[in-house]
Amino acid sequence: MKSSTDPVQNLAQLIACPSVTPAEGGALTAIQTMLAPLGFSVERPVFSEAGTPDVENLYARRSGNGPHLMFAGHTDVVPVGDEIAWTVPPFSAEIRNGEMYGRGAVDMKGGIACFVAAVARCLEKNSALKGSISFVITGDEEGPSINGTGKLLEWAKAKGESWDAAIVGEPTNPARLGDMIKVGRRGSLSGTITVQGVQGHAAYPHLADNPVRGLVTLVDSLLYPVFDEGTKDFQPTNLEVTTIDVGNPAVNVIPNTATATFNIRFNDTWTDETLMAEIHNRLDQASRRHKLRPGKSEPVNYELNWRNRVSHVFLTHDEKLIGLLSSSIEKVTGTRPQLSTSGGTSDARFIKDYCPVVEFGLVGKTMHMVDERVAIADLETLTQVYERFISDFFA
Ligand SMILES: [Zn+2]
């Protein structure tokens with residue numbers, strides 16, 4: 001039986017699999033090979049949906065008598081980018097100066113490698129580990145996230161699975177291992193505003209209705225005033241206009257339409273519904289302002305379309321779980337981690353509907369970059385944190 005207690009070996013095997021989203025690339029097989037000898041039963045459901053690639057996922061469970069702990073993560077990775085710019089080939093898992101290089105090293109094959117090693121070490125010390133552990137691993141986190149964790153949890157629940165707590169192994173630390181736990185995430189929603197004008201000659205604006213004037217008026221109302229000042233657990237809600245499009249090649253023509261798309265990251269001051277209502281309200285009021293549209297009496301003729309994929313804001317309130325993870329980190333690293341809700345969304349947004357969830361993994365500095373890499377010392381430290389967390393969780 002091959003030992004999976006070494007996170008460095010585990011990670012080298014995972015990096016060697018070119019699992020660029022949505023390809024499985026051998027990565028789930030590698031995990032299955034590590035977990036089966038540890039007593040896990042492993043299933044690999046494939047999910048499909050029209051218009052998206054089929055994606056393979058992995059659910060592995062080792063049953064015991066006690067609470068059920070979930071570890072969640074993803075084996076898919078983002079593309080390597082400029083391959084010749086890498087110091088070593090991106091799937092070679094070469095070690096240079098105490099760091100292992102490779103796409104997915106920190107985001108987040110490294111987290112999986114460490115958790116597997118931690119479980120293997122726990123079992124080596126105490127083969128009758130109290131309680132159940134499952135791995136919820138998707139190949140669709142870096143892609144559309146449609147055939148991944150959300151469906152995998154539904155699938156497992158339909159089989160009768162339920163969990164008491166979950167830990168996600170995404171890279172949560174900005175600079176040093178032990179810096180930061182994620183205990184919630186901001187919500188995210190996006191929309192596109194289309195303003196319909198009347199095309200005409202730039203020298204005869206009274207005969208036209210320039211949609212750019214209307215669009216600027218509307219966008220201004222979304223950028224000021226601020227939505228809130230932030231809350232105890234979250235930074236202030238922020239809206240970014242991500243593109244403005246007119247597509248007009250002529251300088252002497254007033255265009256017909258203009259569009260703007262925005263993305264908003266919001267805190268727990270808002271729900272999806274109250275925030276959408278606020279944005280509609282701002283746009284409606286702004287549409288009747290005429291400062292930038294002198295001589296026009298009718299309101300700006302606009303349409304707002306929300307993008308489909310909304311992420312809800314959430315905050316984990318399980319003080320015991322947060323405390324357990326914080327003290328495991330402090331005991332191993334000497335650092336008391338900051339509790340944070342910063343950054344983008346993660347698959348924790350799906351898990352929070354099933355059980356309390358916290359996130360802790362490696363240092364994220366090089367994620368998605370050329371020369372993504374992880375300190376070998378961090379792999380050992382994170383394995384020790386996870387091992388401590390598992391044994392304290394089941395104690
Ligand atoms: Zn990730």
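As the structure lists them, so they are numbered: ligands from 1, and atoms in each ligand from 1.
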Counting backbone and side chain alike, does Glu141 bring an N/O/S atom below 2.8 Å of the Zn ion (ligand 1)? no
Would you verify whether the NZ or CZ of Lys157 falls within 45 degrees of the ring axis of Trp155 while also being under 6.0 Å from that six-membered ring's centre? no
The complete set of side chain to side chain donor-acceptor pair (under 3.5 Å) pairs with one or both residues in residues 112-123, sequence neighbours excluded, reads Arg121-Glu380
Restricting to N, O or S atoms of Glu170, which is nearest to the Zn ion (ligand 1)? OE1
For the residue pair Phe389 and Phe393, does the interplanar ring angle fall in the parallel (under 30°), tilted (30 to 60°) or perpendicular (over 60°) class? tilted
Relative to the Zn ion (ligand 1), which of the N, O or S atoms in Asp107 is the closest? OD1
side-chain contact (heavy atoms from CB on, under 4.5 Å), paired with Asp140, selected from Leu152, Val55, Thr52: Val55
